[in-house]
Amino acid sequence: MAKRLVFCILLFSISLTSYARFDEYTAEKALYRAKRLHKELIMDNTKPAPDDFKQVFAAYRSVIERFPKWEQREIVLLIIGDLYSENKQYEEAKESYLDIIRISYQNMMAKLPVNINIAARARYKIALNYEKQGNWPLAEENLIKVAADYPNTLDALFVPLYRAEYYYKEGNQERAEKIYQEALGRYLEIIDTKPKSRLAFTARKLIEKSYENVQKWEEMAETLRQAIKNNPNAKVAFVELGKIYQRQNKIEEAIQTFKKVIERYPDYLEAQLDLGKLYNDIGRFDLALEVAEKISKKQEYNIGAIVLKGYTHFYKRSYSSALKFFKRAINLGSNNPEIYNLIGVIQLKFSKYEEAREALEASLELQPDSAPVHVNLGNLYMAEGKYELAEKEYLTAIKHDNRLLAAYANLANLKVNRRQMDKAVEIYEQMLTINPKLYLVEYHRSEEHTSELQSHSFISYAVFCLKKKKTNTTIIIEIFLYTHTIFPTIYLHDL
């Protein structure tokens with residue numbers, strides 16, 4: 001009797017497990033169908049009708065209603081919130097994001113697993129929606145909550161930069177710089193305590209972004225020198241000081257600072273990698289490869305060294321070799337979105353469009369707001385002759401980074417190719433407002449343009465040609481941006 005009871009209990013447990021797995025599989029299928037419907041709506045070149053959006057909303061909502069206990073429901077709620085926000089239904093968007101936070105709180109009280117990253121993203125998006133409604137005080141209040149309630153998330157790291165950039169735009173430079181200084185301390189702490197984490201990787205990027213935004217290199221350098229004085233073993237501060245010197249174009253000081261760290265801490269590979277990157281930046285590819293080889297001798301499968309080799313070959317335009325190293329880094333477990341981006345760039349250069357698309361989409365999955373990757377995806381669509389999709393990607397890139405010149409240049413190129421000259425002129429002039437000191441790198445022109453060209457930057461000369469409708473004019477622009485976007489040749493023929 002006892003054996004039969006145990007058998008029945010086991011059978012019942014197996015049945016429950018099988019049902020749960022079937023339920024999860026069904027939920028995943030329902031979400032896949034909703035995403036496919038959503039993607040079809042996005043890819044449609046015509047303007048979506050309100051009923052089309054209703055269908056997409058209904059598809060996502062049915063997932064929540066049919067599977068209320070599914071562990072992925074917060075992700076679905078996040079997508080629904082984003083859809084509302086895109087349609088300027090900000091109150092509905094915030095309510096969807098708040099549902100995520102409520103679920104997280106309920107799970108925490110019930111001692112169930114909590115997806116902290118999704119909760120942080122929901123709070124962050126609530127802040128963004130308040131800002132869209134013109135309510136900065138509540139936007140900032142929610143941003144501060146992200147940093148306070150979810151300190152060890154990527155969204156929390158972005159909060160200081162977002163706040164500082166807002167105050168810069170508003171002309172409150174003193175408040176912005178104070179926030180940057182506080183952020184710098186936090187970023188250095190993360191890099192020092194969690195050097196191999198994704199948080200540390202992001203913190204390094206954000207430090208560079210902070211420097212770039214403030215443009216007060218000497219003040220930043222002094223902050224780091226003070227940190228070193230207070231703690232002579234602050235190797236991270238040493239490395240960041242080397243980067244500041246590099247930004248100030250004090251190349252020798254930067255090299256010596258990196259070497260000093262390496263001498264003190266020969267096993268601190270981050271400093272060696274940064275030295276290798278510096279050598280790449282100044283065109284000393286032989287020294288960069290030498291640094292990478294030294295690291296590889298210590299750690300054969302060091303991903304950083306492999307990626308450094310990939311970058312070096314990429315800069316040398318040895319694209320096949322670069323691709324080999326980047327793929328090796330991916331196979332060893334690298335999840336760096338920039339590597340996928342570069343693989344996409346190389347495959348596009350090789351006219352391998354499907355491989356390029358796969359790599360660029362993988363990069364966007366990891367970093368959806370990356371403007372350079374959207375530019376490269378736009379370039380892929382351009383190469384395929386899908387001009388509407390290309391334009392959509394360039395505009396998305398500008399939305400994410402309205403100072404990324406590659407996005408404007410490629411958008412202008414698209415307009416020229418489609419003979420929309422007036423619009424191309426407007427875009428070129430926009431570029432000049434961002435950076436009036438853009439210069440022609442290489443050009444071919446008829447003799448009549450010789451004297452006129454000498455006093456024009458390449459964009460202003462492009463505007464000049466378009467406005468004057470010069471004939472037999474070809475302007476070749478080849479600028480390699482640190483963002484690793486493709487900045488294609490711009491041809492102006494027989495205008």
Side-chain angles (χ1 to χ4, degrees), residues 152 154 157 183-212 217 220-221 223-225 227-228 230-248 250-282 284-285 287-312 314-315 325-326 328-330 332-339 342 366 482 484:
N152 295 318
L154 291 174
L157 290 186
L184 181 61
R186 171 69 176 143
Y187 296 152
L188 288 171
E189 179 190 355
I190 289 170
I191 295 167
D192 206 27
T193 55
K194 303 173 182 177
K196 294 183 178 180
S197 67
R198 192 178 177 192
L199 282 176
F201 173 80
T202 305
R204 287 188 180 90
K205 295 289 182 185
L206 294 180
I207 285 175
E208 293 171 11
K209 181 75 171 171
S210 299
Y211 297 157
E212 192 176 314
W217 309 118
M220 284 289 185
T223 300
L224 291 165
R225 283 193 287 265
I228 292 166
N230 294 337
N231 180 11
N233 295 320
K235 54 188 178 182
V236 174
F238 264 113
V239 169
E240 294 305 323
L241 181 58
K243 291 179 182 177
I244 288 286
Y245 285 141
Q246 188 177 350
R247 290 283 189 157
Q248 291 176 296
K250 297 178 179 178
I251 301 302
E252 191 54 39
E253 287 95 326
I255 291 172
Q256 292 308 316
T257 302
F258 287 134
K259 285 184 173 180
K260 189 181 290 185
V261 183
I262 294 166
E263 187 181 339
R264 288 190 185 185
Y265 307 98
D267 293 328
Y268 187 40
L269 300 183
E270 291 297 325
Q272 296 179 46
L273 289 171
D274 284 321
L275 178 60
K277 292 172 189 174
L278 171 55
Y279 284 140
N280 268 339
D281 288 345
I282 62 175
R284 292 302 309 271
F285 304 129
L287 293 177
L289 288 173
E290 188 179 305
V291 169
E293 286 301 331
K294 282 182 180 177
I295 297 171
S296 293
K297 283 180 181 177
K298 291 182 179 179
Q299 295 182 7
E300 183 181 353
Y301 299 108
N302 183 279
I303 292 176
I306 292 165
V307 171
L308 178 59
K309 291 175 187 177
Y311 272 104
T312 306
F314 186 86
Y315 292 136
F325 285 113
F326 288 142
R328 189 179 180 200
I330 296 293
L332 286 172
S334 175
N335 211 22
N336 184 345
E338 179 62 7
I339 296 175
L342 287 170
L366 295 166
Y482 73 93
H484 304 126

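Starting from 1, each residue takes its place in the sequence as its number.
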Show me the side-chain donor-acceptor pairs of residues 299-308 shorter than 3.5 Å, one per line, residues at least two apart or across chains.
| unit_1 | atom_1 | unit_2 | atom_2 | d |
| --- | --- | --- | --- | --- |
| Gln299 | OE1 | Asn302 | ND2 | 2.9 |
| Asn302 | OD1 | Gly304 | N | 3.0 |
| Asn302 | OD1 | Ala305 | N | 2.9 |

Could you pull out every donor-acceptor pair under 3.5 Å between side chains of residues 289-297 and any protein atom, sequence neighbours left out?
| unit_1 | atom_1 | unit_2 | atom_2 | d |
| --- | --- | --- | --- | --- |
| Glu293 | OE2 | Lys309 | NZ | 3.2 |
| Ser296 | OG | Ala292 | O | 3.1 |
| Ser296 | OG | Lys309 | NZ | 3.2 |

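For the side chain to side chain donor-acceptor pair (under 3.5 Å) test, residues two or more places apart in sequence or in another chain that qualify with Thr312 are Asn280. Every residue meeting the side chain to side chain donor-acceptor pair (under 3.5 Å) condition with Gln246, not counting sequence neighbours, appears here in chain and number order: Asp281. Phe325 pairs by the ring pair (Phe, Tyr, Trp, His ring centres under 6.0 Å) definition with His313, not counting sequence neighbours. Considering only residues two or more places apart in sequence or on other chains, Tyr268 meets the side chain to side chain donor-acceptor pair (under 3.5 Å) condition with none of them.
The nearest pair of heavy atoms linking Ala288 to Gly276 is CB-O, 3.5 Å. Across all non-hydrogen atoms, the minimal contact from Asn152 to Leu199 is O-CD1, 3.6 Å. Across Lys243 and Phe258, no two heavy atoms sit closer than the pair N-CZ, 3.8 Å.
Here Ile255 contributes atom CD1 and Ile282 contributes atom CD1; the two are 4.5 Å apart, rounded to the nearest 0.5 Å. Going from atom CG of Asp274 over to atom CG of Leu269 covers 11.0 Å, rounded to the nearest 0.5 Å. To the nearest 0.5 Å, the span separating NZ on Lys250 from CD1 on Ile244 amounts to 10.5 Å. Rounding to the nearest 0.5 Å gives a distance of 11.5 Å between CG of Leu366 and CD of Glu338. Atom OG1 of Thr257 is separated from atom OH of Tyr245 by 5.5 Å, given to the nearest 0.5 angstrom.
Side-chain atoms of Gln272 come within 3.5 Å of backbone atoms of Pro266 as a donor-acceptor pair (strictly under, hydrogens ignored).
Within the 4.5 Å cutoff, no side-chain heavy atoms of Glu240 are placed close to those of Tyr187.
Using cut-offs of 30° and 60° on the angle between ring planes, the pair Phe326 and Tyr311 is perpendicular.
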Side chain to side chain contact (heavy atoms under 4.5 Å, CB included) between Val261 and Glu270, intermediate numbers included:
CA-CA 10 Å; Val261 183; Glu270 291 297 325; over 6 Å; no

